Each structure stands twice: as C-alpha cells, then as structure tokens.
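Structure, as structure tokens:
By convention here, the first residue in the shown sequence is residue 1. These figures come from a predicted structure and were not determined experimentally.
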Amino acid sequence: MAPLFLVVGFLVPLAMGGGHDYGAALSKGILFFEAQRSGYLPGNQRVQWRGNSGLNDGKTSGVDLVGGYYDAGDNVKFGLPMAFTITMMSWSILEYGKQMAASGELGHAIDAVKWGTDYLIKAHPQPDVLYGEVGDGNTDHYCWQRPEDMTTSRAAYRIDPSHPGSDLAGETAAAMAAASVVFRRYNPAYSAELLKHAYQLFDFADKYRGKYDSSITIAQKYYRSVSGYADELLWAAAWMYKATNNEYYLNYLANNGDALGGTGWAMTEFGWDVKYAGVQTLVAKFLMAGKGGRHTPVFEKYQEKAEFFMCSCLGKGTRNAQKTPGGLIFRQRWNNMQFVTSASFLMTVYSDYLTSAGKSLRCANGNVSPAELLSAAKSQVDYILGDNPRATSYMVGYGNNYPRQVHHRASSIVSYKVDPTFVTCRGGYATWFNRKGSDPNLLTGAIVGGPDAYDNFADQRDNYEQTEPATYNNAPLLGILARLHGGHSGYNQLLPVELPTLKPVAAHPSPAAKPAVKPAPVSTASPIAITQKVTSSWVHSGKTYYRYSTTVTNKSSKNLKNLKLYISKLYGPLWGLTKSGDSYTFPSWINTLAAGKSIEFVYIHSASQAEVSVSSYTLA
C-alpha cells in the first residue's frame, strides 16, 4: 500500500533548486539497481564489488529463473514488489525520459528496466503459469551471507489456474505493458514480446481470480497482499490501455470501476500493495486527454479520488496524510520512505497533467495550483536528500551525512573480489552483521527506510525498519529527480509519449558470457529480408487452413549468425526453425547463413499470415 509524493520544478524549472544536485541524485539512484542484480552480471556492470549469484535459480523446478533483482537487503526475489518496481521505473521513463536523456541517464534507466523484464519473461513460461518467488524469507533471514555465497533455499514458487494470484499476475501484466511502451522505439521486437506476455497475464489474472499469497503462502510474512487483487486488475487494465489503445481495456476500467473499487476507494497511500491512487491518477490523465467519451461520468469519479489523494498529501483535504514535525509524509515505522517516493511521484505527474490541461487542483480548502502541488512533492524529495531536522541524507552516497551501516547483506560484507573466503550462514552474523563499522561496500543511491514519526533515525545495521533499502523506494524517485533536474520538458504531458533517441551507449547489456547482439534495425536498410506467401490451402471440418512459406534472406556482405526471430499471431505448427524460449533460431543443421543466401520455414494455421520480426543477430 504505497506512497507517492514528488518533487518537481515546474513552471520555474530551475528556480526551485533548493541547493540540491538532482542530476547527481538521479545518477546514484539508478546505479543502486546494479547492486541489486541477481544472475550473470554483464560486462558493463558498474557496481564492481558485486559478482554473479543465484545461477541455479529455478533449476529444481525445471525452469530458468536466473536474473532479476533482490528486493531489499536480503537475497530473495519477490515477484510482486519486483514487478511494481519495473512498472514505476517504466512510468518514470515514459513521463520524464527526455529529461533523463538530457542528463545522460536514459540508457542506464532503460538497462534497469530490461534487467527486470528479462527476468519476468523467464518467470512466465506458459500463458497461465507465473513464478512469483525464488528463495524464501525464513531461511534467508536466518543467514547473513553475500549473494555470491548463498547456501539458503532457492526453491521457486508459482501461481497457475489451480493456485491463482490475480494481484501478482495483474502487476506483472502492468509491468510488461508499461515496459513495452518504453521499448517500442528502441527495440520493437522486444516490445512486441513484452506486450504478448502482458496480454496473457492480464487474461490469466482476470479469469482465475484469487490472492497470490493464498497460493504462495510463504510470501505472507514479507509481502502480504492486504488490499487483495481488485486494484491490480484495474491497474493492469489502465496500463494495457496505455500500451495498446484498445478500447476493451478502457471499457474494462469503466465497467468495473465500481465493482473493483476504483471509483470508491479514497486513498492516502500508494505502493506495491495498494494501487488505487495510481489507477485513479492514470484514469484522470485519460480523462484530461479527452479519452473519456461515454465513460466520462465514471472516469470523473476516478478523478475525484485521485484528487482526494493529492489533497491529502498537501494537507488540504478532508482526511490528510500524517506528517512528521519536519514535514515528511509518514505512513508507518517500517520503510516509510516507500510511501514518500511513490506519493511524490503521483503528485509530480499530476501537477504536470494539470498544467497541460490548463486546470488547477480542487481541494476541500480551495483550489491549488499545479506549481503548488509540484512544490509539495519537491519538499519531500528535498527532505530525503538532507533538508530535515537531522540534516541527514537518506540516499546512501549523496551529501556528506548519510547512513553508513545499511541493513544489506551484500554491502555489509567485504566483496568476494577483495576477500574470497567463504562467508558461512551464521558466521556472517558474527563477523559482519554485528560489526559496528561502516559498510565495506558503498550502496550508492539506495533510499533507506528513513526516520520515525518524530524525525528520529538510528544508523545501525540491526535497525532494519529504518536502514534497509528497497528497489521500490528508488523506482518512483527516478522520475521525480529527472523532472526536478531537467525542469518541464516543454511538451504536453497528455499527448502520446515520444521518447528521445538514445546516445550510442550499450543500452541493452547481455550477460558477459554471451556474444554481443544488436537489436534488429527497423529501417528498410535492414540486412535481413523476410518474405511470406501462401503456397496452398484446404478446407477441413468447415475451416480453411493455409500453408505459408516464409523466406529469410541475408542481404549483407557478411555471414549472419545468432539469428533470433520473434513470431506472433501463430496458431499452428511450424517447421524449419528451432524454438528457443519465446524466440526462434536457425534449425539445428544451420549455424551460419552466408551472404546472399536464404533459408525457408513453413507453418500451417487457419488465419492470416503470422507476424515475423527480427529480435537480434550478429554479422561476422
């Protein structure tokens, strides 16, 4: 049930500076995600004290679940907060990608999203199967070990039609849909792949309803779904509409708004559990962008609740968010910062939506200008960065006074690259957890749990309520920091997203052990030509079947290797290619396609031709 407050320099983009280097904070905030990586680390890994970990994840279940993110200071991969993290990082990019590009951080932000979505694709091996956790908190918390030394359980837990989890599947659908919009310009084939998973996951969530923690019961102690799944179904529908422009999802939001609580719940929090304020903000955006149509009366009720949330954060509503004496929004003792960053993000984007629509915010205590809403979000960010009674920065590595004893296994134990001596399960507690000195590895950019209701904070490793970081603390903050650093982009925030061109940096790293591949060009100058034709048809049981022949030609002057094709809208058998996950590769008898040569594959189904696109390849 999370937060969303933001900070943003709006009408006076740089005049709201307050002395903070938001650009530096943005860079650090993105870097934190590299410290949370699980799996094979890429060649361009910048957090050098980390190493490969979790390399057998999923093996006992017969599925590859290597990769993804550790959620916080432990070594468990929890699917619900990970998916929410990806959704919020994607939303940050979609709103403020231009500002990120201007500061040179867009490529790193996209890398961070892709590291998550690559894992989510693996975790969804079948339309109605989704793995929602690897490892378990009970055995993991018994030990204090580097991820590289883990001896704890790496069991994998899943949902399926017999063990549903609409909240987990819905949030993962939202993450896939939001990320598909991010990659639409930079990697169209990958974007299409994400959207395919999103379609399937939304249908799975909607058809087989239930709370995920009733199926993956081991998650209850750590990420219990208190709000249930109704908010995630609406949240997923909103992101599916944003990604597809398909009226089905707009109708879903309208027809289910009352039944699923979107028009009824008035919230004072937003986060990985409770999504209502986020849905209401998105629907308000659709409405202000002229998408309401016949659904306008229902969508206006969503907007009323979105504005209730904004007014609550400002302290100008009928039921207001609690604040510390120093002005920080306060929801709970344990990791309160998650609610601060999430709420601040919603405030930031809503202020920009209002500005684009030429409107103001209507609160119980009068109208509020977009600039005032933005200023309130900015005040929360400034508090995080050090403008608080303790003069403490709650972002590790930012400023001079920040937490030095973070509740985080990897940062608190010497890097295996410095001392490869194995750290045992309980030995880590004796040697490293109980050590009173500063962490040997700086967890740059991490947003820790933060102070209590009276602005008090104890920088102690065993004080997990205040010193443990989390990925979902950082994800919403990226957008806010980009907005505060870059100011307003100068374009209408209600119009379709147009992300800028990426500078020539490695935006989509591959694991170091694998050969580098490049996304398929989408221009007509592509070195790979694909042609399709119908070669025969027949009628069987009243249905017409077609045989399609597809030719792939290497038009370049070099040898074509490591070709990966993505095929969608395929409803029958295929011959002549090898299936590899969600992609297709050369058949087993071909390793290389010489210059000017072609290969042919065929498929049969009772529909128009499938969509065939190039995911990646190498030329040698």
Side-chain angles (χ1 to χ4, degrees), residues 1-5 32 35-36 70-76 78 80-81 84-85 136-138 140-144 219-226 268-274 321-344 380 383-386 388-398 401-413 428-429 432-439 443 445-477:
M1 307 167 112
L4 260 87
F5 312 74
F32 165 67
Q36 298 301 108
Y70 302 119
D71 70 303
D74 51 28
N75 300 326
V76 185
F78 292 101
L80 182 60
F84 177 70
T85 295
D136 76 81
N138 296 335
D140 187 88
H141 288 197
Y142 181 74
C143 299
W144 193 264
Q220 289 180 1
K221 187 176 176 182
Y222 304 97
Y223 289 100
R224 178 184 291 274
S225 181
V226 177
T268 59
E269 65 178 283
F270 170 64
W272 61 262
D273 182 16
V274 185
Q322 179 184 346
K323 292 185 179 177
T324 69
L328 184 72
I329 292 173
F330 189 82
R331 171 71 190 175
Q332 65 184 35
R333 290 190 315 170
W334 190 336
N335 190 16
N336 180 66
M337 280 306 184
Q338 61 177 301
F339 303 107
V340 179
T341 60
S342 294
S344 298
Q380 298 298 307
Y383 184 110
I384 292 172
L385 296 180
N388 55 64
R390 285 179 47 88
T392 295
S393 165
Y394 294 105
M395 172 183 277
V396 177
Y398 180 88
N401 182 24
Y402 53 80
R404 309 279 177 165
Q405 296 186 35
V406 182
H407 184 90
H408 189 276
R409 284 159 176 77
S411 68
S412 69
I413 302 174
Y429 274 108
W432 297 103
F433 179 80
N434 294 325
R435 180 174 165 271
K436 297 306 179 187
S438 298
D439 295 330
L443 193 63
I447 301 295
V448 299
D452 66 12
Y454 303 98
D455 300 300
N456 298 312
F457 177 80
D459 184 12
Q460 298 166 353
R461 196 167 291 113
D462 60 357
N463 181 20
Y464 56 84
E465 290 186 344
Q466 295 190 326
T467 63
E468 185 171 18
T471 54
Y472 44 89
N473 294 9
N474 279 59
L477 189 63

Distance in Å, [X] [atom1] paired with [Y] [atom2], rounded so as to fall on 0.5 Å steps:
X: R390; Y: D459; atom1: CZ; atom2: CG; result: 8.0 Å
X: N335; Y: Y464; atom1: CG; atom2: OH; result: 12.5 Å
X: D452; Y: N463; atom1: CG; atom2: CG; result: 9.5 Å
X: M395; Y: N473; atom1: CE; atom2: CG; result: 10.5 Å
X: W432; Y: I413; atom1: CH2; atom2: CD1; result: 7.5 Å
X: D462; Y: E468; atom1: CG; atom2: CD; result: 12.0 Å

Legend entry - Residue of the set N138, D136, D74 for which side-chain contact (heavy atoms from CB on, under 4.5 Å) holds with Y222: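 Checked N138, D136, D74 against Y222; only one passes side-chain contact (heavy atoms from CB on, under 4.5 Å): N138.
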
For [X], all residues meeting salt bridge (charged side-chain N to carboxylate O under 4.0 Å, His left out), sequence neighbours excluded:
X: R333; value: E465
X: D140; value: R409
X: D439; value: R461

Legend entry - Under 3.5 Å donor-acceptor, Q460 side chain and K436 backbone: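 The answer is no, because no donor-acceptor pair under 3.5 Å joins these two groups.
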
A side-chain contact here means heavy atoms from C-beta on lying under 4.5 Å apart; do [X] and [Y] qualify?
X: P469; Y: L443; answer: yes
X: F78; Y: T471; answer: no
X: W272; Y: S225; answer: no
X: Q405; Y: T467; answer: no
X: M337; Y: P451; answer: yes
X: R331; Y: T268; answer: yes
X: V396; Y: V448; answer: yes

For [X], check side-chain hydrogen bond (donor to acceptor under 3.5 Å, both in side chains) against everything at least two apart and list the hits.
X: Y70; answer: S38, S53
X: Y398; answer: H20
X: N401; answer: T392
X: D71; answer: Y223

Once side-chain contact (heavy atoms from CB on, under 4.5 Å) is applied, do any residues pair with [X], and if so which ones, sequence neighbours excluded?
X: N474; value: F32, F33, I447
X: N434; value: none
X: A410; value: W49, R50, P147, H408
X: P325; value: D455

Legend entry - Non-hydrogen atoms of A458 and Q466 that approach each other most closely: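 That would be N-OE1, 2.9 Å.
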
Legend entry - Minimal non-hydrogen separation, P403 against S393, with atom names: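 Of all heavy-atom pairs spanning P403 and S393, the closest is CD-O, 3.1 Å.
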
Inset, instruction - Step by step, work out the side chain to side chain contact (heavy atoms under 4.5 Å, CB included) result for N336 and L328. - result: CA-CA 10 Å; N336 180 66; L328 184 72; 3.9 Å; yes

Legend entry - Counterpart residues, ring-ring contact (aromatic ring centres under 6.0 Å, His included), relative to F457 (two or more places apart):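 F457 satisfies ring-ring contact (aromatic ring centres under 6.0 Å, His included) with Y394 only.
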
